[in-house]
Number of protein chains: 2
Amino acid sequence: MNPTHQPPSREAIEQFIEAGGLRLTPQRYAVMAFLMEEPVHATAEEIFEAVNRVDPRSSRATIYNSLHALVKAGRVREVAVEGRAARFDAKLDPHHHFICDQCGNVEDIPWYHLPQPEPHMLGSRRLRESELILRGLCTRCTESTY
Amino acid sequence: MNPTHQPPSREAIEQFIEAGGLRLTPQRYAVMAFLMEEPVHATAEEIFEAVNRVDPRSSRATIYNSLHALVKAGRVREVAVEGRAARFDAKLDPHHHFICDQCGNVEDIPWYHLPQPEPHMLGSRRLRESELILRGLCTRCTESTY
DNA sequence: GTATTTGCAAATCATTTGCATAAAC
DNA sequence: GTTTATGCAAATGATTTGCAAATAC
């Protein structure tokens with residue numbers, strides 16, 4: 001995605017996890033490293049396979065545990081996709097998401113400023129974050145549609 | 001939600017379905033009528049129960065079929081919520097969605113204009129729609145959190 | 001009359017759970 | 001040493017499927 005993408009160092013990854021107040025485990029490290037190195041918005045299943053291809057010691061339950069812990073700590077973003085598995089994303093720079101109607105893939109769209117809702121629209125809700133979801137056909141699916 | 005909410009007429013509901021190029025069946029009618037009368041962003045299961053409470057002749061599979069047909073025809077909007085059942089929404093006026101981190105409920109936020117992405121951000125993707133998702137705690141969950 | 005839609009019950013997919021063991025701090 | 005995380009395998013929840021019978025147009 002980013003042509004000058006530098007893989008983060010071991011220390012950077014470890015700090016990224018610990019800064020969220022999380023214990024550092026090999027499984028969490030593997031998940032976080034994968035998400036930082038492969039900005040592809042993988043599913044939990046894809047992460048499970050990728051991580052265990054390198055070093056098979058993470059169970060599926062632990063992948064889910066790690067992902068949830070990282071999401072809760074604000075280190076990872078989760079994107080729900082209708083009728084499909086959720087996608088996960090290292091929370092590095094702010095950006096928007098494009099979801100393909102056809103293949104379900106999630107892609108990054110460079111961030112651009114969004115207006116904030118007027119306070120009266122929120123009532124006494126507590127706003128944590130807002131995100132823009134774009135939908136349509138990704139490049140691949142556009143090109144294979146006649 | 002809307003204090004001057006008028007329940008739509010039978011004819012209006014039928015037209016709303018047929019205008020999408022769909023055959024009119026009692027089951028689709030029941031689903032659409034429920035969504036138009038109860039703007040609560042129900043799950044498929046809730047729709048199944050509500051619809052069958054009135055007249056028990058819709059199977060779960062048919063509820064899903066109807067919902068998907070209506071979504072595809074642009075009559076209904078589907079909102080995916082991480083780790084929970086999807087919510088459905090009659091597609092009447094444009095609006096944004098607020099999803100509660102705690103209870104998962106989806107609520108409408110009055111529409112306000114969003115900037116469109118620059119064409120170069122989309123590449124050769126084909127954009128169909130964009131929506132803003134707001135997240136945080138709904139009024140109820142804000143008030144019950146100490 | 002033909003094309004679609006429905007109901008049923010079983011199957012599938014994604015995710016979570018419970019609990020004993022292991023590892024982090 | 002105490003607290004938290006892991007692995008396993010089974011359970012749950014949401015949604016989809018296959019196919020014969022029923023219905024819309």
Side-chain angles (χ1 to χ4, degrees), chain A residues 10 13-32 41-52 55-73 75-76 78-88 99 103-106, chain B residues 10 13-32 41-52 55-73 75-76 78-88 99 103-106:
Chain A
R10 163 168 287 277
I13 298 171
E14 292 180 350
Q15 281 171 30
F16 199 78
I17 296 170
E18 293 177 324
L22 298 177
R23 286 194 180 182
L24 182 61
T25 69
Q27 293 83 353
R28 283 178 186 170
Y29 179 90
V31 167
M32 197 67 245
H41 302 85
T43 63
E45 184 65 23
E46 288 163 353
I47 298 167
F48 171 74
E49 283 164 18
V51 152
N52 280 315
D55 180 6
R57 46 175 174 159
S58 298
S59 70
R60 228 173 297 259
T62 296
I63 298 292
Y64 280 102
N65 277 346
S66 299
L67 285 169
H68 290 157
L70 289 163
V71 167
K72 205 164 161 192
R75 278 18 218 154
V76 166
E78 176 171 2
V79 185
V81 184
E82 334 74 74
R84 301 178 189 250
R87 306 301 189 112
F88 297 87
I99 304 182
C103 69
N105 280 343
V106 174
Chain B
R10 165 168 286 277
I13 297 171
E14 292 180 351
Q15 281 171 29
F16 199 77
I17 295 170
E18 291 177 326
L22 298 177
R23 289 195 178 179
L24 184 60
T25 68
Q27 293 81 352
R28 282 178 186 168
Y29 179 90
V31 168
M32 197 67 244
H41 302 85
T43 63
E45 183 65 24
E46 288 163 352
I47 297 167
F48 170 75
E49 284 164 17
V51 153
N52 281 314
D55 180 6
R57 45 176 176 159
S58 299
S59 70
R60 226 171 300 258
T62 296
I63 297 293
Y64 280 103
N65 277 347
S66 299
L67 286 169
H68 291 156
L70 290 163
V71 167
K72 205 164 161 191
R75 283 9 222 158
V76 165
E78 177 171 1
V79 184
V81 184
E82 334 75 74
R84 300 179 190 249
R87 305 302 187 111
F88 297 87
I99 304 181
C103 67
N105 281 344
V106 175

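Just so it is clear, the structure is predicted and the values come from calculations on it, not from any experiment. Residue numbers begin at 1 in each chain, while the letters A, B, ... track the order of the sequences.
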Sequence-aligned protein contact record of nucleotides 11-25 of chain D, with B where the base is within under 4.0 Å of a protein heavy atom and S where only the sugar-phosphate is:
---SBBB------BS
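When rounded to the nearest whole Å, the span between CZ of A:Arg87 and P of C:dT15 equals 10 Å. Summarising the geometry, the separation between CD1 on A:Ile63 and C1' on D:dC8 is reported as 14 Å, rounded to the nearest angstrom. Remark: P of C:dT4 and CD of B:Gln27 are 17 Å apart, rounded to the nearest angstrom. Between the CD atom of A:Glu49 and the P atom of C:dA14 there is a distance of 11 Å, given to the nearest Å.
Remark: B:Ser66 OG to B:Met32 CE distance equals 11.0 Å, nearest 0.5 Å.
Across all their heavy atoms, A:Arg87 and A:Gly104 have their closest contact at NH2-O, 3.3 Å. Shown here for B:Ala19 and B:Arg75, the closest heavy-atom pair between the two residues is CB-NH2, 3.4 Å. Of all the heavy atoms in B:Leu67 and B:Ala44, the pair that sits closest is CD1-CB, 4.0 Å.
For B:Glu82, the salt bridge (charged side-chain N to carboxylate O under 4.0 Å, His left out) partners two or more places apart in sequence, or in a different chain, are B:Arg135.
Considering B:Asn65, B:Asn52, B:Val31, B:Thr25 as possible partners of B:Ser58, the one that fulfils the side-chain contact (heavy atoms from CB on, under 4.5 Å) test is B:Asn52.
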